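Keep in mind that the numbers below use all heavy atoms, side chains included, and drop hydrogens, waters and symmetry copies. No experiment lies behind these values; they were computed from the predicted model shown.
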Amino acid sequence: MKLSRYFFTTIRETPSDASTSSHIFLIRGGYIKALSTGIYSFLPMGLRVMQKLETLIRKEMNNIGGLEVDLPVVQTKELWQESNRYSDIGEELLRFKDRNEHPMVLAMTHEEAVTDMARYVLSSYKQLPFMLYQFKVKYRDEARARGGLIRVREFLMKDAYSFHSSSESLDIHYKEQYDAYIRIFNAVGIEPIVVESDTGIMGGKIAHEFMLNTPIGEDYLILCDKCGYQANREIALFKTNPYRGNEKAELKKVHTPHKTSIEEVSEFLNVPANSTAKCVFFENDSTLITVVVPGHLDVSEIKLKNILKTSELLPAEDELILASGMVPGYASPINSKNTRVFIDKNIVDASDLVIGANETDYHYMHCTPKRDFENYEVADIAEASALCLCYQCDHPLTETRGIELGNIFKLGTKFSESMKAMYLDEQGKSKAAVMGCYGIGVGRLMASVIENSHDDYGPIWPKNIAPFQVEIVSIGKDAPVLDAAEKLYNELLQQGFEVLLDDRDERPGVKFKDADLWGIPVRIAISKKTLENEQVEWKLRSEKSFELISLHDVLAQLKDFYA
RNA sequence: CGGGAUGUAGCUCAGUCUGGUAGAGCGUCUGCUUUGGGAGCAGAAUGUCGUCAGUUCGAAUCUGGCUAUCCCGACCA
């Protein structure tokens, strides 16, 4: 491709509305253009990278027996009612009506559509297992898109779905997907952290997320350096030693004026935060849910939702809390009524705690839950943090942040049962297919590669997904230089390389800056000076320095580089 | 959905406090010079100052509504 005929623009200054490296470089390099919040157009340069990622992922999906299909983005309300997700999913699912006033949705994922396809074809156990996948736009009406391609509303996803006659068969394929994902991410220079993740209320059993470890990540990961336990913080298991003081001491009310937070109370009474109890309130299905966790920890709303088997959990209104005999800011389940009380397992055996006295400006000291609480349920409900210990090996946990690049998920029979994707087994008995689903956000992966591999001037693309394999830059206007550049360009093209020729009448500085923004692995510069010795400058994007090599050695060296 | 910030030329931004005919740099176009890391000189084009209303003799500037974008949080099968 000759740049003089290419469609692009590059931006010299940092766009005012971009703050992460990938966002900045994707805009500055002319890869993408924002159309609206979280909705992006891809220019030719950006699409090339996306297509290469697709090719890479497609190869791995085919390798593990995948069959590519194409499922519609616009779907009917009825389809989503079959799986119950029409009502289970909130505003993230975009709903609209067609010209006949028929309710429709924009698919945010394709379990329903693929299950509909599967039930059309599937009739016998002999057809199982199979795996279908596609590259398809998803639309999610995100409450808050951010970070360029990191979190968007419309995006391209590789989504795969497998169907099995047994959970053992699913297990085998799940592992194949796991390994394929590792190969895909490794192929673009990423060593993902694989964490156990939430399976939600959607009938799933086991799920993993593949995370890029980065400070700009939106997910928090809990890791054990000793035994290798890794989980998303929202569901991470952990231990923490319950605070134990004087178990005999009687409840004692103390004056704590205007001290409503754990921090204020522990400082005021001069006690450690883990010797306090935090009382948090939610509302679910018109019922007040009271949760007590160790003062130094937070409630995991995901854990609580899973315990309650609901996706609906709202912060409770003060009136509801007061009506249950508790006082926000000074609350405890002691003498409460009309509420369901959950005590975190890490605090139920504690003693001598500070907790609210259900009276403004007063707390109790010497609270021992097992003695002082009534009618409570014990659950794993607090959120892990770096203050906690590994539940497997007692080693202190560490915490880091990550971007979710992909996930794999054992769905079980939730969709096949509700949507009747059935087959006859060896005994002629009708059974629901066992399913798994596997997703990778392609655009997010593109952005993540940049986050993972860039310098001050632009992305440093891995060889296999760079928009072009080699860029030739001519320096100056001398006819012999231009001729040599064009000749080399044609030669490399004929040899099957993807070549970008910067034949613009621009100063070298401009050309080099743009080359850095495109991050093409090999840059070959030809100038009057180098040509005097029949040489060119060979520079790798990943290196600072260049070398002069013979014009005649370029092809061999390039072949060697891409071998 | 809460909190914060911003919206002025294609881009980055000044001007707003203290109301008085719209600015700079970069980019674009023309010409000359220049040619190894976003050049120099000369000239030119470019704006419903996000939008609607209000105050005022007069609004980019003051007031209110709306809207868009970004950041933090909530949310995220």
Side-chain angles (χ1 to χ4, degrees), chain A residues 9-20 23-24 27-28 30 33-39 80 83-93 105 107-112 138-148 150-153 155 157 159 161 197-204 207 209 216 218-219 232 234 282 298 301-302 305-306 311-315 403-404 407 409 411 414-415 435 437 439 441 444 456-458 473-478 481-482 502 504-517 523 525-531 536-537 539 544 546 548:
Chain A
T9 184
T10 52
I11 308 228
R12 181 192 298 233
E13 291 172 88
T14 300
S16 57
D17 53 6
S19 53
T20 58
H23 191 187
I24 291 167
I27 299 292
R28 287 192 53 207
K33 183 209 169 292
L35 185 73
S36 173
T37 305
I39 300 181
W80 283 67
S83 65
N84 253 334
R85 291 164 97 193
Y86 192 78
S87 50
D88 283 348
I89 297 177
E91 292 181 316
E92 207 182 346
L93 178 65
V105 305
M108 49 191 289
T109 172
H110 282 80
E111 280 79 6
E112 284 82 0
K138 305 282 182 272
Y139 186 87
R140 295 184 185 176
D141 214 9
E142 290 286 348
R144 187 183 157 213
R146 71 187 96 180
I150 300 291
R151 184 165 207 83
V152 289
R153 292 193 289 173
F155 60 100
M157 183 183 221
D159 46 327
Y161 307 89
S197 67
D198 181 38
T199 53
I201 57 161
M202 300 310 289
E209 290 167 339
I216 67 157
E218 302 184 282
D219 286 285
N232 194 310
E234 56 194 22
F282 299 93
D298 289 321
E301 292 191 26
I302 296 284
K305 282 178 179 177
N306 290 338
S311 59
E312 231 178 286
L313 197 63
L314 303 167
I403 296 172
E404 183 187 345
N407 72 333
F409 197 137
L411 283 171
K414 163 167 171 85
F415 291 92
M435 293 172 58
C437 68
R444 182 184 280 185
D456 290 345
Y457 308 103
V473 179
S474 60
I475 308 291
K477 282 189 196 178
D478 292 304
V481 171
L482 298 179
D502 194 344
R504 294 175 297 171
D505 179 16
E506 286 287 359
R507 301 174 59 82
V510 174
K511 294 187 174 190
F512 290 151
K513 291 288 188 194
D514 279 347
D516 288 342
L517 282 172
R523 188 187 80 192
I526 305 180
S527 70
K528 197 172 168 184
K529 258 189 287 178
T530 67
L531 208 53
V536 300
E537 170 193 320
K539 181 182 175 300
K544 284 210 164 51
F546 61 85
L548 288 166

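B:U61 sits 12 Å from B:G7 when the P atoms are compared, rounded to a whole Å. The gap from the P atom of B:C71 to that of B:U55 amounts to 38 Å, rounded to the nearest Å. Taking the P atoms as reference points, B:C17 lies 16 Å from B:A22, given to the whole Å. B:C75 sits 32 Å from B:C13 when the P atoms are compared, rounded to a whole Å. Taking atom P on both nucleotides, B:C57 is separated from B:G19 by 15 Å, rounded to a whole Å. On the C1' atoms, B:G15 is 24 Å away from B:G54, given to the nearest whole Å. Taking atom C1' in both B:U28 and B:C11, the straight-line distance is 11 Å, to the nearest Å. When the P atom is compared between B:U6 and B:A45, the two are found 34 Å apart, to the nearest whole Å.
A:L517 places its CG atom 17 Å from the P atom of B:G37, with the value rounded to the nearest Å. For the pair A:R504 CZ and B:G37 P, the interatomic distance rounds to 16 Å; values are reported in whole Å. The CG atom of A:L35 sits 17 Å away from the C1' atom of B:C70 (whole-angstrom rounding). Rounded to a whole Å, the CD atom of A:E301 is 15 Å from the P atom of B:G73. What separates CZ of A:R146 from P of B:A5 is a distance of 19 Å, to the nearest Å. Distance A:E142 CD to B:A74 P: 14 Å, rounded to the nearest Å. Between A:E13 atom CD and B:G27 atom C1' the separation is 10 Å, expressed in whole Å. One atom, CD1 of A:I475, and another, C1' of B:A39, lie 14 Å apart when rounded to the nearest Å.
Note on A:R144: a side-chain N or O is less than 4.0 Å away from OP1 or OP2 of B:C72. In this model, the phosphate group of B:C70 is not approached by any side-chain N or O of A:S19 to a distance below 4.0 Å at OP1 or OP2. For A:R507 and B:A39, the shortest distance from a side-chain N or O to OP1 or OP2 is below 4.0 Å. At B:U12, one or more side-chain N or O atoms of A:S16 fall inside 4.0 Å of OP1 or OP2 (strictly under the cut-off).
Using a 4.5 Å heavy-atom cutoff, the side chains of A:Y86 and A:E112 are not in contact. Counting heavy atoms from C-beta outward, A:R444 and A:F155 have side chains that stay 4.5 Å or more apart. Residues A:F512 and A:D502 are not in side-chain contact: their nearest non-hydrogen atoms beyond the backbone lie 4.5 Å or more apart. No side-chain heavy atom of A:V152 sits under 4.5 Å from any side-chain heavy atom of A:E142.
Closest to the side chain of A:K477, from the set B:U35, B:G37, B:A77, is B:U35. Relative to the side chain of A:F409, the nucleotides B:U69, B:A77, B:G37 differ in distance, and B:A77 lies closest. When each of B:U35, B:A77, B:C75 is scored by its nearest atom to the side-chain atoms of A:I89, the top-ranked nucleotide is B:A77. Set against B:C72, B:C70, B:A39, the side chain of A:T37 has B:C70 as its closest nucleotide. Closest to the side chain of A:D17, out of B:A74, B:A77, B:U69, is B:U69.
Comparing A:G38 and A:D514, the nucleotide of RNA chain B nearest to each residue sits closer to the 5' end for A:D514. Toward the 5′ end of RNA chain B lies the nearest nucleotide of A:G476, the other residue of the pair A:T109 and A:G476 mapping further downstream.
Here A:K544 pairs with nothing under the salt bridge (charged side-chain N to carboxylate O under 4.0 Å, His left out) rule; sequence neighbours left out. Not counting sequence neighbours, the partners of A:D298 by the side-chain hydrogen bond (donor to acceptor under 3.5 Å, both in side chains) test are A:K278.
Among the heavy atoms of the strands, none lies under 4.0 Å from A:N84. Within the nucleic acid shown, A:S36 comes within 4.0 Å of sugar-phosphate atoms alone, with no base atom in reach, counting heavy atoms only. Residue contacts shown for A:T530 include a base, since a base heavy atom lies under 4.0 Å away. Across all strands shown, A:P15 has heavy atoms under 4.0 Å from sugar-phosphate atoms exclusively, and none from any base. As judged by a 4.0 angstrom heavy-atom cut-off over every strand, A:G439 is placed among residues making no nucleic acid contact.
In this model, a side-chain donor or acceptor of A:R523 finds a partner on the base of B:G37 within 3.5 Å. Put simply, the side chain of A:E218 and the base of B:G73 share no donor and acceptor less than 3.5 Å apart.
Figure legend. B:A68 is base-paired to B:U6; pairs are counted as Watson-Crick or G-U wobble with both atom distances under 3.5 Å. The base-pairing partner of B:C11, taking Watson-Crick or G-U wobble contacts with both distances under 3.5 Å, is B:G25. Using the Watson-Crick or G-U wobble rule with both distances under 3.5 Å, B:C17 pairs with nothing in any strand shown. Base pairing of B:A42 is made with B:U30, judged by Watson-Crick or G-U wobble geometry with both donor-acceptor distances under 3.5 Å. Base pairing of B:U63: its partner is B:A53, meeting the Watson-Crick or G-U wobble criterion (both donor-acceptor distances under 3.5 Å). Shown here, B:A77 forms no base pair; nothing in the strands shown gives a Watson-Crick or G-U wobble contact with both key distances under 3.5 Å.
Under a 4.0 Å N-O distance rule, the pair A:K414/A:E111 does not qualify as a salt bridge.
Using modelled atom types and a 3.5 Å distance limit, the side chains of A:D198 and A:N306 yield a donor-acceptor pair.
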